[in-house]
2 protein chains.
Amino acid sequence: MAEPANLTIMEVDALTDTDGGLNLTDGHARLVLSAEQAAIVARIPEMFSEASRRPFPEIESQAHHAFLTAIGQRSAPASAARILSCYSSTLATDIVARALPTGATVAVLHPTFDNIADLFVTRGLKLVPLSEEELLAQQWPGAPVSAVVVTHPNNPTGLVTPEGHLRSLAEHAARHGQTIIIDASFRGQVRDAQYDSYAVLEAAGADWITIEDTGKLWPTHELKVGLLAYSRRTVLPIERAFSESLLSASPVVLQLVTALAEDWVTGGYERARALVERNRVVIREAVEPVGLRLADPASQISVARIELPAGGPDSSLLYTDMVGRGVHVLPCTPFHWADPDGGLRFIRVSLARPLAAVDRAGQVLVQSYAELCARTATAAVA
Amino acid sequence: MAEPANLTIMEVDALTDTDGGLNLTDGHARLVLSAEQAAIVARIPEMFSEASRRPFPEIESQAHHAFLTAIGQRSAPASAARILSCYSSTLATDIVARALPTGATVAVLHPTFDNIADLFVTRGLKLVPLSEEELLAQQWPGAPVSAVVVTHPNNPTGLVTPEGHLRSLAEHAARHGQTIIIDASFRGQVRDAQYDSYAVLEAAGADWITIEDTGKLWPTHELKVGLLAYSRRTVLPIERAFSESLLSASPVVLQLVTALAEDWVTGGYERARALVERNRVVIREAVEPVGLRLADPASQISVARIELPAGGPDSSLLYTDMVGRGVHVLPCTPFHWADPDGGLRFIRVSLARPLAAVDRAGQVLVQSYAELCARTATAAVA
């Protein structure tokens with residue numbers, strides 16, 4: 001295909017690199033299990049037996065409750081018409097895209113992970129960008145927009161939609177008959193994003209859909225669930241779209257989620273945060289000596305964008321050169337799905353990795369950047 | 001929604017029945033683990049560590065090789081351009097549906113599991129039925145059909161496409177530029193379906209896609225993969241469609257598949273077959289005294305259709321009455337996606353269940369059927 005690669009294709013390339021390349025592309029947690037997490041994983045064989053003994057709905061609602069309360073969403077179960085457990089947040093997003101009326105116009109936060117826009121476009125929806133600046137200025141879209149998608153916190157920038165801003169959006173949406181769709185896949189990582197958004201949306205009388213994800217929090221090798229919760233006001237055929245996609249999530253994975261959520265509120269969150277923040281410092285300290293800086297120093301999610309000054313090598317060049325050196329990161333052009341060039345000055349590095357991997361990635365990035373700069377300078381002189 | 005329920009919605013209802021109803025709807029294995037399987041499940045915590053230590057592509061190709069050779073598909077890895085590991089065979093089917101050109105006409109075996117037809121229709125494809133009679137008579141569709149989907153063995157009938165018939169279809173497809181799509185989700189259960197279909201398709205020079213599934217074989221509580229293999233001739237944008245859906249399957253699940261496939265060839269297959277065949281006898285012996293019979297006595301898959309004589313209660317009536325008695329099975333109208341009434345005389349019972357569940361389902365079916373017959377007779381007299 002002549003189409004440019006999407007972010008997941010680059011992530012697959014990194015994951016399946018048979019030359020032993022270092023993978024700092026995806027936002028999944030690829031950390032060593034903590035002692036507490038290892039003790040939980042050791043109990044998986046028991047969870048198998050338990051899955052045969054206990055009714056599925058009981059295992060599922062226990063997982064929903066444990067996970068949602070661990071990330072501050074106390075109003076979720078009571079306010080939702082239903083919470084559906086999907087294999088992943090991507091599948092949950094596709095189910096939402098399928099349930100929306102074909103041809104509808106949807107405003108999607110910009111930049112954000114390209115997969116969200118891709119899934120919506122593939123299902124025949126029309127997209128318009130909602131910039132982070134517009135969100136922060138509370139400039140909400142009117143007709144013909146019938147749904148607004150906000151990634152909270154945003155990926156790759158880490159921007160948290162403040163509670164007051166979400167309230168303003170929810171009230172606007174309720175007035176204009178719009179559906180609010182929140183992709184909260186990274187929420188578990190950021191305390192500031194854990195105010196009870198279900199309560200805010202309900203209080204405004206909005207029609208809402210929220211996607212939660214356990215996949216970004218724990219190094220469980222893709223044993224995860226994406227949760228799709230929707231309000232009692234939602235009339236979209238979500239259950240039918242769900243039934244086209246799967247019968248149920250795994251009751252073993254749901255029990256794993258319950259146990260890891262319980263660990264999350266008794267120290268697990270702090271332990272994971274400390275690793276990510278240490279790695280953010282490692283990257284910052286690696287790049288500063290060559291004049292680079294973190295684009296989002298206040299971000300708390302498990303990825304970091306590095307800004308590349310104008311005039312020097314852009315992120316496509318740097319990405320390709322780094323892959324040649326055996327280190328996979330992500331150029332940011334695909335995140336700017338409505339304006340790819342807007343991402344040329346940013347490159348994204350995953351932080352939920354062992355220290356040695358992040359350290360090496362920082363070194364290679366700096367070497368690569370310095371050599372590309374030198375080459376550009378030589379070319380300019382010549 | 002006014003649309004009739006699809007099969008998965010009925011399966012979800014059964015799974016989430018909070019009144020403790022018996023679930024004999026879906027074709028998933030819901031059996032107790034054998035001693036050999038339990039020993040493998042006990043090793044999952046080790047598989048977690050292994051997933052961090054070994055490169056993903058190595059774990060993945062080992063699983064592909066172990067699984068495909070365990071079900072007789074020795075030519076698969078060598079003949080495929082790529083084998084993609086998906087969360088499920090449903091997701092693999094949706095990826096194929098997305099990769100086919102919108103508006104294309106696709107012939108789909110009839111009857112078959114409704115989800116296949118639903119996913120294709122939702123992606124904008126036009127469907128025409130290919131009846132089992134046409135398949136057996138080797139009457140293959142011509143233009144405008146550009147792809148032919150065969151479920152092998154078929155669900156719910158258990159029909160195995162004989163090797164010579166597949167060769168004839170493959171040669172026809174190669175001549176007419178059609179793509180053959182085989183959904184082999186139930187193949188692992190049936191030795192007769194385990195001739196090397198990849199070799200047959202390749203020898204004919206056909207363009208092919210094959211979906212395999214570990215989900216129907218082992219009681220692993222939805223820890224499974226669907227494999228999407230496609231020929232070197234396939235020019236459809238399958239990798240892009242895959243990248244919109246997922247990054248990768250779980251390396252823990254892939255290791256579980258490797259181990260269970262190794263068990264499958266050293267007695268596991270025979271142990272599972274014995275349980276399913278015992279349960280088929282239980283159902284047959286339960287229904288014969290009231291004049292009912294198995295519709296597909298030669299079927300070897302883990303579901304059985306029971307034929308309901310004309311003039312008596314149909315499967316919709318029987319289904320509803322049985323749900324009222326706490327036993328969930330499936331009416332067959334949705335399998336007849338092009339002609340729902342064609343399924344009114346069949347009801348489907350899952351056999352991959354503990355003996356006690358199958359025994360009880362047989363009893364309830366017979367009671368329910370007898371009472372419905374009596375009621376019909378009384379009504380006729382009155």
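Quick caveat, the model's predicted, so the values are computed rather than measured. Naming: A, B, ... by sequence-line order, numbering from 1 per chain.
For chain B, the nearby part of A/Ile44 is the side chain; its heavy atoms alone come within less than 4.5 Å. Looking at A/Pro219, only its backbone comes within 4.5 Å of chain B, counting heavy atoms on both sides. Of the atoms belonging to B/Ser245, it is backbone heavy atoms, and not side-chain ones, that fall under 4.5 Å from chain A. B/Val253 touches chain A through its side chain: at least one heavy atom from C-beta onward sits under 4.5 Å away, while N, CA, C and O do not. With a 4.5 angstrom heavy-atom cutoff, B/Arg30 touches chain A only via side-chain atoms. In this structure, the portion of A/Leu33 lying under 4.5 Å from any heavy atom of chain B is its side chain and not its backbone. Within the 4.5 angstrom heavy-atom criterion, no atom of B/Ala38 approaches chain A. Looking at A/Ala249, only its backbone comes within 4.5 Å of chain B, counting heavy atoms on both sides. For a residue to count as touching a neighbouring chain, one of its non-hydrogen atoms must lie under 4.5 Å from one of that chain's; by this rule A/Thr90 touches chain B with the side chain only.
Between the CG atom of B/Asp118 and the CZ atom of A/Arg240 there is a distance of 6.5 Å, given to the nearest 0.5 Å. Atom OG1 of A/Thr25 sits about 7.0 Å away from atom CG of B/Leu247, to the nearest 0.5 Å. Taken to the nearest 0.5 Å, the OG1 atom of B/Thr8 stands 12.5 Å off from the CD atom of A/Glu239.
Around atom CZ of A/Arg360, no more than 12 heavy atoms belonging to other residues, nucleotides or ligands sit under 6.0 Å away.
For the set B/Val252, B/Leu91, B/Thr122, B/Asp26, the count of heavy-atom pairs under 4.5 angstrom toward chain A peaks at B/Thr122. For the set B/Thr93, B/Leu15, B/Thr16, the entry with the most heavy-atom pairs within less than 4.5 Å of chain A is B/Leu15.
Checked against salt bridge (charged side-chain N to carboxylate O under 4.0 Å, His left out), A/Arg98 has the following partners two or more places apart in sequence or in another chain: A/Asp94, A/Glu244. Residues that satisfy the side chain to side chain contact (heavy atoms under 4.5 Å, CB included) test with A/Ala81, not counting sequence neighbours, are A/Tyr230, A/Arg232.
Here the closest heavy-atom approach between residue A/Ser243 and residue B/Asn115 is recorded as O-ND2, 3.9 Å. Of all non-hydrogen atoms in B/Ala42 and A/Pro45, the two that sit nearest each other are CA-CG, 3.8 Å.
Listed by sequence position, B/Phe48, B/Ala51, B/Ser52 are the residues of residues 48-55 of chain B in contact with chain A, using a 4.5 angstrom heavy-atom cutoff. Of residues 220-227 of chain A, those residues lying under 4.5 Å from chain B by any heavy-atom pair are A/Thr220, A/His221, A/Glu222, A/Leu223, A/Lys224.
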